[in-house]
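Working notes, beginning with the structure itself.
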Amino acid sequence: QVQLVESGGGLVQAGDSLRLSCAASGRASSDYAMGWFRRAPGKDREFVAAISRSGSIIFYTDSVKGRFTISRDNAKITMSLQMNNLKPEDTAVYYCAAGETVYAVRSENGNYWGQGTQVTVSS
């Protein structure tokens with residue numbers, strides 16, 4: 001029901017910032033909770049952050065707390081991840097996800113997925 005497209009990835013140095021965006025389209029786009037996951041080279045997909053339909057409930061994985069900020073726009077059809085003080089261990093393909101609730105998104109329970117955008121952080 002929903003299509004997701006990520007943008008904003010790139011190659012940066014440690015300590016730099018990037019802002020990722022996810023555009024959602026299709027019927028009932030605003031009905032979905034959304035989130036971000038990442039897959040580093042040679043590792044499994046990892047939860048990063050999630051946000052509820054209203055934006056009132058937000059979760060982050062411990063490794064990004066205080067550095068990353070998730071948000072969604074007024075129409076709740078786009079989502080952003082502001083990434084500050086990036087570290088080499090943040091290097092990964094970042095994926096946008098959407099699901100029924102913020103809890104379902106976090107748990108990868110029936111998520112829809114975007115194609116991913118590469119973030120590379122050099123030291």
Legend entry - Pairing residues for F47 by the ring pair (Phe, Tyr, Trp, His ring centres under 6.0 Å) criterion, not counting sequence neighbours: F37

Inset, instruction - For residues L86 and R67, report the shortest heavy-atom separation together with the two atoms involved. - result: CA-NH1, 3.9 Å

Inset, instruction - Examine M79 and L20 and state if one hydrophobic cluster contains both, with Ile, Leu, Val, Met, Phe, Trp and Tyr joined whenever side-chain heavy atoms are less than 4.5 Å apart. - result: yes

Inset, instruction - Mind checking the CD1-CD1 spacing from I58 to I70? Nearest 0.5 Å is all I need. - result: 7.0 Å

Legend entry - A49 versus Y60, closest heavy-atom pair with distance: CB-CD2, 3.6 Å

Inset, instruction - Check the surroundings of atom CD in E100: do more than 12 heavy atoms from other residues, nucleotides or ligands lie under 6.0 Å from it? - result: no

Inset, instruction - Please answer whether the main-chain N or O of C96 pairs with a side-chain N or O of E6 as donor and acceptor at a distance below 3.5 Å. - result: yes

Legend entry - Heavy-atom side-chain contact between F68 and W36 under 4.5 Å: no

Legend entry - Between OG on residue S122 and CG on residue D16, distance to nearest 0.5 Å: 8.0 Å

Legend entry - Flag, side chain of R72 to backbone of A33, donor-acceptor distance under 3.5 Å: no

Inset, instruction - Kindly indicate whether the side chain of V121, heavy atoms from C-beta on, has any atom under 4.5 Å from the side chain of M83. - result: no

Legend entry - Cluster overlap Y103 with W113, hydrophobic side-chain contacts below 4.5 Å: yes

Legend entry - Ion pair check, K87 and D90, cut-off under 4.0 Å: no

Legend entry - Between OG1 on residue T69 and CG on residue L81, distance to nearest 0.5 Å: 8.0 Å

Legend entry - Short side-chain to backbone donor-acceptor contact, S54 and S56, under 3.5 Å: yes

Legend entry - Minimum heavy-atom distance between N111 and V105, given as atom pair plus value: ND2-O, 3.1 Å

Inset, instruction - Would you name the heavy atoms of A14 and S123 that are closest together and state the gap between them? - result: CB-CA, 4.4 Å

Legend entry - Interatomic spacing from CD1 in I57 to OG1 in T101 - rounded to 0.5 Å: 8.5 Å

Legend entry - ILVMFWY network linking V2 to Y94, side-chain heavy atoms under 4.5 angstrom: yes

Inset, instruction - Kindly indicate, with the supporting measurements, whether the criterion side-chain contact (heavy atoms from CB on, under 4.5 Å) is fulfilled by L4 and M34. - result: CA-CA 10 Å; L4 305 171; M34 302 180 74; 3.9 Å; yes

Inset, instruction - Grab the two heavy atoms, one from S17 and one from N84, that are nearest each other, plus how far apart they are. - result: OG-OD1, 2.9 Å

Inset, instruction - Under the side-chain contact (heavy atoms from CB on, under 4.5 Å) rule, what do T91 and Q118 come out as? Steps first, then yes or no, please. - result: CA-CA 8 Å; T91 295; Q118 177 70 49; 4.1 Å; yes

Legend entry - Evaluation steps, side-chain contact (heavy atoms from CB on, under 4.5 Å), between S63 and E89: CA-CA 10 Å; S63 63; E89 51 263 43; over 6 Å; no

Legend entry - Exercise: identify the closest heavy-atom pair between S71 and R19: OG-NH2, 3.8 Å

